[in-house]
Amino acid sequence: NAGVTQTPKFQVLKTGQSMTLQCAQDMNHEYMSWYRQDPGMGLRLIHYSVGAGITDQGEVPNGYNVSRSTTEDFPLRLLSAAPSQTSVYFCASSYEAVGTGELFFGEGSRLTVL
Amino acid sequence: GDSVTQMEGPVTLSEEAFLTINCTYTATGYPSLFWYVQYPGEGLQLLLKATKADDKGSNKGFEATYRKETTSFHLEKGSVQVSDSAVYFCALSDWGGTSYGKLTFGQGTILTVHP
């Protein structure tokens with residue numbers, strides 16, 4: 001059971017570079033989301049999607065882009081990396097809108113922006 | 001907007017001690033409440049949940065009761081083990097409020113259990 005798979009696990013970027021964090025799930029979940037985890041701040045929602053072709057902004061969307069062309073994949077793009085985007089990023093999915101369901105998380109991607 | 005406040009950490013306990021991690025929330029609608037656990041080097045996983053007032057969630061010896069009158073969802077375990085060392089997150093999802101379809105997390109509480 002693969003569950004939610006994130007790549008890469010670690011990445012170092014220079015300020016201004018762009019990159020894509022990949023997320024794939026094999027559970028046929030409609031709901032997918034991206035969070036960032038920073039010390040003392042818990043997890044904050046960046047973007048989410050309730051199905052293929054549908055995305056919406058979360059709490060901290062600036063500097064990030066997403067698209068959802070298939071049910072399985074939900075990539076997160078950093079357009080022009082900044083040191084403030086140094087964080088651990090988690091992708092999560094759920095079989096239903098998250099109100100009563102369980103979120104399944106990937107193992108995280110640790111990003112450092114120099 | 002919705003928010004979750006957890007007790008400050010880190011929390012350090014000896015094995016077999018009693019654990020309480022406090023969690024209070026504010027919400028404008030009808031929240032469901034969750035505790036997630038993150039073991040070192042891993043993603044978060046659901047520990048327990050409660051979807052309405054007075055519900056008790058339980059799993060792996062952990063319990064939490066949804067108290068609407070005190071807007072709380074405190075996590076408890078009667079006897080902790082070294083393997084319980086992790087970061088614990090309280091979270092809510094508010095169907096009727098502004099955070100529809102989204103989980104709002106607390107800041108996390110680091111628990112370390114010594115033999």
Side-chain angles (χ1 to χ4, degrees), chain A residues 1-7 9-10 21 23-25 27 29-51 54-61 66 87-110, chain B residues 1-10 21 23-25 27-53 55 57 59 66 86-110:
Chain A
N1 283 344
V4 179
T5 303
Q6 291 183 233
T7 56
K9 285 187 167 40
F10 302 94
L21 298 176
C23 176
Q25 53 90 9
M27 297 173 282
H29 287 172
E30 291 296 326
Y31 181 92
M32 296 185 73
S33 55
W34 277 101
Y35 288 85
R36 59 177 289 172
Q37 182 181 26
D38 301 293
M41 302 187 73
L43 275 76
R44 293 180 291 168
L45 182 65
I46 305 171
H47 285 286
Y48 67 100
S49 168
V50 297
I54 306 169
T55 64
D56 203 350
Q57 296 181 351
E59 182 184 356
V60 288
V66 292
S87 188
V88 181
Y89 292 85
F90 287 98
C91 179
S93 71
S94 175
Y95 68 94
E96 62 181 47
V98 76
T100 56
E102 173 181 355
L103 272 184
F104 292 83
F105 283 82
E107 294 185 345
S109 298
R110 183 175 294 275
Chain B
D2 297 342
S3 66
V4 176
T5 302
Q6 292 180 231
M7 64 184 289
E8 295 276 341
I21 301 177
C23 171
T24 58
Y25 67 90
T28 54
Y30 309 98
S32 296
L33 301 173
F34 305 82
W35 277 100
Y36 279 80
V37 59
Q38 182 182 28
Y39 298 105
E42 299 182 8
L44 282 72
Q45 55 186 274
L46 180 67
L47 180 60
L48 54 84
K49 69 178 183 182
T51 57
K52 61 183 188 296
D55 269 1
N59 187 25
Y66 187 166
V87 184
Y88 292 82
F89 292 91
C90 186
L92 73 82
S93 182
D94 191 357
W95 279 105
T98 56
S99 61
Y100 175 85
K102 308 165 199 173
L103 272 181
T104 299
F105 285 88
Q107 72 270 35
T109 301
I110 300 171

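Note that the structure is predicted; figures quoted are calculated from it, not measured. Residue numbers start from 1 in every chain, and the chains themselves are labelled A, B, ... in the order their sequence lines are given, proteins ahead of strands.
- Contact of Q37(A) with chain B is made through the side chain alone, with heavy-atom distances under 4.5 Å.
- In this structure the side chain of L43(A) never reaches within 4.5 angstrom of the side chain of L103(B), judged on heavy atoms.
- Environment of CD in E8(B): sparse, with no more than 12 heavy atoms of neighbouring residues, nucleotides or ligands closer than 6.0 Å.
- Distance check: F34(B) CZ to E102(A) CD gives 9.0 Å after rounding to the nearest 0.5 Å.
- Residues F90(A) and Q38(B) come closest through the heavy atom pair CZ-NE2, 3.2 Å.
- A distance of 13.0 Å separates CZ of R44(A) from CZ of F105(B), quoted to the nearest 0.5 Å.
- Interatomic distance, F105(A) CZ to Y36(B) OH, rounded to the nearest 0.5 Å: 5.5 Å.
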side-chain contact (heavy atoms from CB on, under 4.5 Å) evaluation trace for F104(A) with L46(B)
CA-CA 8 Å; F104(A) 292 83; L46(B) 180 67; over 6 Å; no

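- Atom CD of Q107(B) is separated from atom CE of M41(A) by 10.0 Å, given to the nearest 0.5 angstrom.
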